[in-house]
Amino acid sequence: MHESIGIPACFSSGERTVDDQAAVTRSSQSVFMSVYRTKIAGQCRLITITWCKDLLLHGLSVSVEGPDGDNHYQSKVELKPWYFWRKQGSKHFTVDGKTVDVVWDLKAAKFNGETEPRSDYYVAVVCEEEIVLLLGDLKKDAYRKTGSRPALIEPNLVSRKEHLFGKKKFSTRAKFHEKGDSHEITIECNNGLNKSSSSGEFDHEMVIRIDGRLVNHVKHLQWKFRGNESVYVNKTRVEVYWDVHDWLFSSGPRQGLFIFRPISSSTIMLSTQIAADSTPGEDYSGGSSKFCLFLYAWKVE
C-alpha cells in the first residue's frame, strides 16, 4: 500500500526534486501537496502544488508533469521572513515550447499556524494568456495582475498528500471534495496492557475521528496493522485504508499511511450502470472516486 512519491526539497539549495522521503524526516518538514489535472501547453497534464514548512520558513513549489510522466518542469519559492519581496512576484519556465508563468501574492496570506495558507492570497499558473490554475481567495487581484482570462477547462483536483509528525496523535484539516467543507481528521494510536497475556505484552489500538466523531476503532492493531473500512461523512461514503506496519515493527522515524477516498452516490449509480452494460472481461474505471486524500503520519520519539 506504500506509495513512492517525490518530495520536493523546498528548503535545500538548487531546483532539484528529491525522491527520498528521508529529505522530509531529517528536518521534520510539514509537507502538503495538491495534484490537479488540467490542460496546459496543448495537453492534459498534472500540476502539483507543494507547500513546505519548517521552523525557519515556508516554501512553495509548482511542478508540471513532463511528456514521459516522470520529468517535471518546476518553479520554487522560499518565503523567508527577511525576504519580504519574495512574498509577491512571478517566475516562469517552458513546457513544450510554451511559456508558463507562476504568479503569487502572499503578502497578507493568513496561514493560521498551518502549512497551506487559508485566506488573503493567490497563486496563479498562466499559459497562453489563460489562468490554467488559480488558488486562493484573491481571484480578482490575480486576473488584474496577470491580465489573463479564465481557462475554458476547469482544473480537476486529483489528490492531496500531507505529511504529519507526532508521537501518538496526528491532526489535520482537509476537504474530501474541492468545493466541500473542511473536516478535522484526528488519528491516535495508544498502547494498552494486554490483560489476557501472562507476559505483560501491550495491546495496540488505533482510533480515527472526523469532526470529533469516532468513525473507526481498531483493536489488536498488532494483528490488524493493514485494513480498510467504509465510513460516512455528511452522508458521503468514504473508504478509509491504513497501513501502520512500520509504526509497530520498525525503528527510528516510522511512517503510517492513511488513504481517504470519497465515493458519491452518483458515482456508485454510474458504476453500477456501466457494469451492467459492459461485457465480461471489459475494464472500466467508474467504480471509484477519482480523488484521494493521502496522509503520511510519521511517529517520532
Side-chain angles (χ1 to χ4, degrees), residues 1 3 32-38 46-49 51 110 112-119 133-137 139 153-164 166 169-190 205-221 224-244 256-278 283-297:
M1 185 178 290
E3 179 188 9
F32 195 101
M33 306 172 69
S34 298
V35 182
Y36 297 84
R37 186 183 302 278
T38 190
L46 297 179
I47 300 180
T48 302
I49 307 294
W51 298 91
K110 292 182 173 60
N112 296 335
E114 300 186 26
T115 305
E116 185 183 38
R118 291 302 174 189
S119 64
L133 180 63
L134 178 56
L135 306 178
D137 55 341
K139 300 185 185 300
I153 299 178
E154 186 175 353
N156 178 37
L157 179 63
V158 176
S159 66
R160 291 185 183 273
K161 303 174 183 179
E162 185 170 3
H163 289 253
L164 306 171
K169 188 174 182 179
F170 306 87
S171 299
T172 187
R173 296 193 65 86
K175 294 180 179 180
F176 296 127
H177 300 282
E178 176 65 14
K179 297 181 180 179
D181 295 329
S182 179
H183 299 279
E184 182 180 13
I185 301 174
T186 303
I187 302 167
E188 190 168 2
C189 180
N190 295 310
E205 63 178 12
M206 179 183 70
V207 295
I208 300 176
R209 291 184 173 87
I210 299 179
D211 295 332
R213 182 174 65 89
L214 179 66
V215 297
N216 192 19
H217 184 189
V218 182
K219 297 181 179 180
H220 313 302
L221 189 61
K224 304 174 183 178
F225 49 82
R226 294 189 183 100
N228 65 284
E229 180 103 7
S230 292
V231 303
Y232 285 86
V233 181
N234 294 344
K235 298 183 180 180
T236 297
R237 176 181 161 191
V238 179
E239 291 289 334
V240 181
Y241 303 84
W242 68 88
D243 183 349
V244 295
L257 171 61
F258 297 84
I259 303 175
F260 296 81
R261 186 181 64 178
I263 301 178
S264 64
S265 57
S266 59
T267 302
I268 297 174
M269 293 174 63
L270 177 61
S271 62
T272 302
Q273 183 62 39
I274 294 175
D277 295 340
S278 61
D283 184 29
Y284 64 95
S285 58
S288 63
S289 170
K290 295 184 180 298
F291 170 75
C292 282
L293 169 65
F294 297 86
L295 296 182
Y296 298 84

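What's counted below: heavy atoms across the whole structure, side chains too, no hydrogens, waters or symmetry copies.
Scanning for side chain to side chain contact (heavy atoms under 4.5 Å, CB included) contacts around Arg213 gives Val215, with sequence neighbours left out. Partners of Glu184 under the salt bridge (Lys or Arg N to Asp or Glu O under 4.0 Å) rule, at least two apart in sequence or in another chain, do not exist in this structure.
Of the options Phe294, Phe260, Phe32, a side chain to side chain contact (heavy atoms under 4.5 Å, CB included) to Arg160 is made by Phe32 and by none of the others. Checking Ile185, Asp181, Ile263 one by one against Phe176, the side chain to side chain contact (heavy atoms under 4.5 Å, CB included) holds for a single residue, Ile185.
With values rounded to the nearest 0.5 angstrom, Glu229 atom CD is found 8.5 Å from Ile208 atom CD1.
Put simply, the side chain of Phe258 does not reach to within 4.5 Å of the side chain of Leu164, judged on heavy atoms. Cys189 is listed as a side-chain neighbour of Leu221, based on a closest heavy-atom distance under 4.5 Å. Leu157 is not listed as a side-chain neighbour of Lys175, based on a closest heavy-atom distance of 4.5 Å or more. Considering only heavy atoms from C-beta on, Leu46 comes within 4.5 Å of Arg37 through its side chain. Here the side chains of Lys224 and Met206 are not in contact, with every heavy-atom distance at 4.5 Å or above.
Residue-environment remark: CD (Glu114) exceeds the threshold of 12 foreign heavy atoms within 6.0 Å. Heavy atoms from other residues, nucleotides or ligands lying under 6.0 Å from NZ of Lys139 number more than 12.
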